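Only one structure is covered here, and it is reproduced in the block below.
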Amino acid sequence: MQTPDIGRMILERTGDAHEIEIPFGDLLKIRPLQLPTGWIVNVGGTPIDLSPTRNVVFLLVAAFLVWLTLWLTGRALTRQREQGGGAAAPRGFANMVEAVVLFVRNDVAIASIGHKNGAKFAPYILTLFWFILYCNLLGLVPYGEKPTGSFWVTGALALTALLTIEISGFVTLGAKGYLKTIVFTPPGTTGITAVLLTLIMTPIEIIGKLVKPFALMLRLFANMAAGHFVMLSLLSLIFLFGNIAYFRWAIAGGSVVFVLFMMAIELLVAFIQAYVFALLTSTFIGLMQHEH
Amino acid sequence: MPLFASLQAATEAPKGPFAINPGVSIWTLVIFLLLVVILAKTAWPAILKAVEEREKKIQEQLDRAEKANQEAQRVLAEHQQKLAAARNEAQELLAAGRQAAEKVREEIAARARAEHEELMDRARREIVAEREKAIAELRGEAVELSLAAASKVLERNLDSEADRRLVREYLDSLHNTST
């Protein structure tokens, strides 16, 4: 048995592709579903490949599932309220979803942004939370893929956070107040000191503004990709030690147990990272709102 | 793609998650923004409507309670202020009364003292005047008596003016030595 190229295999599995595996396709001799390629658009002379990849398909799946979950919940809650004459407590699956929604709305969005504007940002924060959560969880489904394991996806989500933070800051603080968050003069300084410190602080402020969404992007991507890497590495042990007599069964069993354990952790991480992304985004919005 | 297809066919090295693919970002943005809009239209109102109504009602009640509390506080403060003002006024009145009484007392005492002094003075003056009158009278009587006595002794009438002067001078000398 030839030595498998584990590194290459892991990179291939964690990368994007223009095809989707059909469940049990290997056994049923069904070829993977080929996605169209070559949708190249020129944006200012730079060609951008807009052809859908596996990540794009799973983004759509996640978005659809989020919509389905919340739409069904909304419908169930409305029906339950009508049945109970407007005063009945929600129950069942809808109740669970409502509890999560309320937690994110009250303890993440409103608690971080403030009572005045928190409710206005709640739909954005909630969508962020549910979308990231479903993207993360899709990676744990057999034959699934987690789009959040690509920094192009997390980068786009972080970009919406950056725009939300800066635009909401501009709207709340006004042009003058917003400019103060960029051109920063430390209070209590005058004359040449103020000019010097402003020259030093302004690039730092701009870097600070960009680092926040950059950290959001990297955190989510790294956490999700790392889970994939660890699980694939553990599974690869089976193939590395595949030619050791007798022991290979023990190694395979141990590897599977470890992967199962990692999957349990990944399940936890899926929720934690969705929560962290939502929490940090609302915290940054809140910081901007209360900047003086 | 079979799970380990790459194990057989080794072509160019895959880039894994680090491949350059900005198209995915654009897809993500579009999908995410669409999801934000669709959820805002179809899901959040149904889920959050009752919650928001409930919150609004509670907030209104809290606001009303707060307002009532503030009103009560304001009235209480007003009353306390009024009470304090009344107490102050009473204190002032009492102090003014005390002061006036003290003044009257002092005036009366001063007047009594002055009257007393005046009486004493007059009495002293009268005594002196009476004494001097008595002395003068006594002196006149003494002249007459001496003259009468002397005429008896000399058996002759010593009624001339020169005699009287003599005796008066003598008495004056007596008076001068006695005083």
Side-chain angles (χ1 to χ4, degrees), chain A residues 2 4-5 8-17 19 21 25-26 32 39 48-53 55-56 59-60 63 66-67 70-71 73-75 77-78 81 86 97-98 101-102 105 119 122-124 126-128 130-131 147 149-153 155-157 159-160 221 225 228 239, chain B residues 1-70:
Chain A
Q2 68 181 111
D5 188 350
R8 186 188 174 82
M9 182 276 293
I10 289 176
L11 282 179
E12 216 156 69
R13 294 304 306 166
T14 51
D16 212 347
E19 55 185 26
E21 286 168 55
D26 283 0
W39 297 8
I48 291 178
D49 186 4
L50 278 183
S51 35
T53 62
N55 277 337
V56 172
L59 278 172
L60 280 168
V66 168
W67 172 77
L70 295 170
W71 179 66
T73 301
R75 225 178 48 157
L77 286 175
T78 310
R81 270 200 292 273
V97 173
E98 197 209 47
V101 167
L102 285 188
R105 177 179 178 271
Y124 167 67
L126 279 166
T127 312
L128 210 51
W130 282 97
F131 189 52
S150 158
F151 63 87
W152 294 102
V153 172
L157 294 175
L159 183 68
T160 68
F221 157 68
H228 256 165
F239 299 93
Chain B
M1 178 172 52
L3 190 57
F4 294 107
S6 58
L7 301 186
Q8 286 99 43
T11 49
E12 64 174 298
K15 294 205 182 74
F18 304 105
I20 304 296
N21 200 350
V24 173
S25 286
I26 292 166
W27 275 99
T28 310
L29 275 179
V30 171
I31 293 168
F32 179 73
L33 293 179
L34 269 178
L35 187 65
V36 169
V37 172
I38 290 170
L39 286 181
K41 286 250 187 310
T42 60
W44 302 134
I47 296 175
L48 295 177
K49 205 178 122 215
V51 177
E52 270 165 6
E53 271 170 14
R54 199 159 57 217
E55 273 176 7
K56 220 168 104 187
K57 213 157 99 188
I58 291 170
Q59 193 57 47
E60 267 169 17
Q61 279 168 351
L62 280 176
D63 285 350
R64 219 175 301 140
E66 180 63 25
K67 226 163 123 189
N69 190 22
Q70 273 175 0

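Just so it is clear, the model here is predicted, and its values are computed rather than measured. Numbered from 1 within each chain, the chains take letters A, B, ... in sequence-line order.
- Among A/V56, A/T53, A/V153, the single residue meeting the side-chain contact (heavy atoms from CB on, under 4.5 Å) criterion with B/W27 is A/V56.
- With a threshold of 4.5 angstrom between heavy atoms, B/L29 approaches chain A through its backbone and through its side chain.
- Contact annotation for B/L48: only side-chain heavy atoms (C-beta onward) come within less than 4.5 Å of a heavy atom of chain A.
- In this structure, the portion of A/L159 lying under 4.5 Å from any heavy atom of chain B is its side chain and not its backbone.
- At least one side-chain heavy atom of B/I20 sits under 4.5 Å from a side-chain heavy atom of A/W152.
- Residue A/I10: no heavy atom, backbone or side chain, is found under 4.5 Å from chain B.
- Considering only residues two or more places apart in sequence or on other chains, B/S25 meets the side chain to side chain donor-acceptor pair (under 3.5 Å) condition with none of them.
- Using a 4.5 Å cut-off between heavy atoms, A/T14 contacts chain B through both its backbone and its side chain.
- Taking non-hydrogen atoms and a 4.5 Å limit, the residue list of residues 60-68 of chain B in contact with chain A is empty.
- Both the backbone and the side chain of A/L50 come within less than 4.5 Å of a heavy atom of chain B.
- Of all heavy-atom pairs between B/I31 and A/A63, the closest is CG2-CB, 3.6 Å.
- How far CD1 of B/I47 is from OG1 of A/T73: 5.0 Å, rounded to the nearest 0.5 Å.
- Atom-to-atom distance recorded for A/T127:OG1 and B/L34:CG is 12.0 Å, nearest 0.5 angstrom.
- A/D49 pairs by the side chain to side chain donor-acceptor pair (under 3.5 Å) definition with A/S51, not counting sequence neighbours.
- Relative ring orientation between A/Y124 and B/F32 is described as perpendicular, the plane-to-plane angle rising above 60° on a 0-90° scale split at 30° and 60°.
- Distance check: A/W71 CH2 to B/I38 CD1 gives 12.5 Å after rounding to the nearest 0.5 Å.
- Residue B/A40: no heavy atom, backbone or side chain, is found under 4.5 Å from chain A.
- Residue with the most contacts toward chain B among A/L59, A/V97, A/T78: A/L59 (heavy-atom pairs, distance under 4.5 Å).
- A search for side chain to side chain donor-acceptor pair (under 3.5 Å) contacts involving B/N21 returns nothing, not counting sequence neighbours.
- Among the candidates B/A43, B/P45, B/A19, B/P22, the residue making the largest number of heavy-atom pairs closer than 4.5 Å to chain A is B/P22.
- The CH2 atom of A/W130 sits 10.5 Å away from atom CG of B/L39, with the distance rounded to the nearest 0.5 Å.
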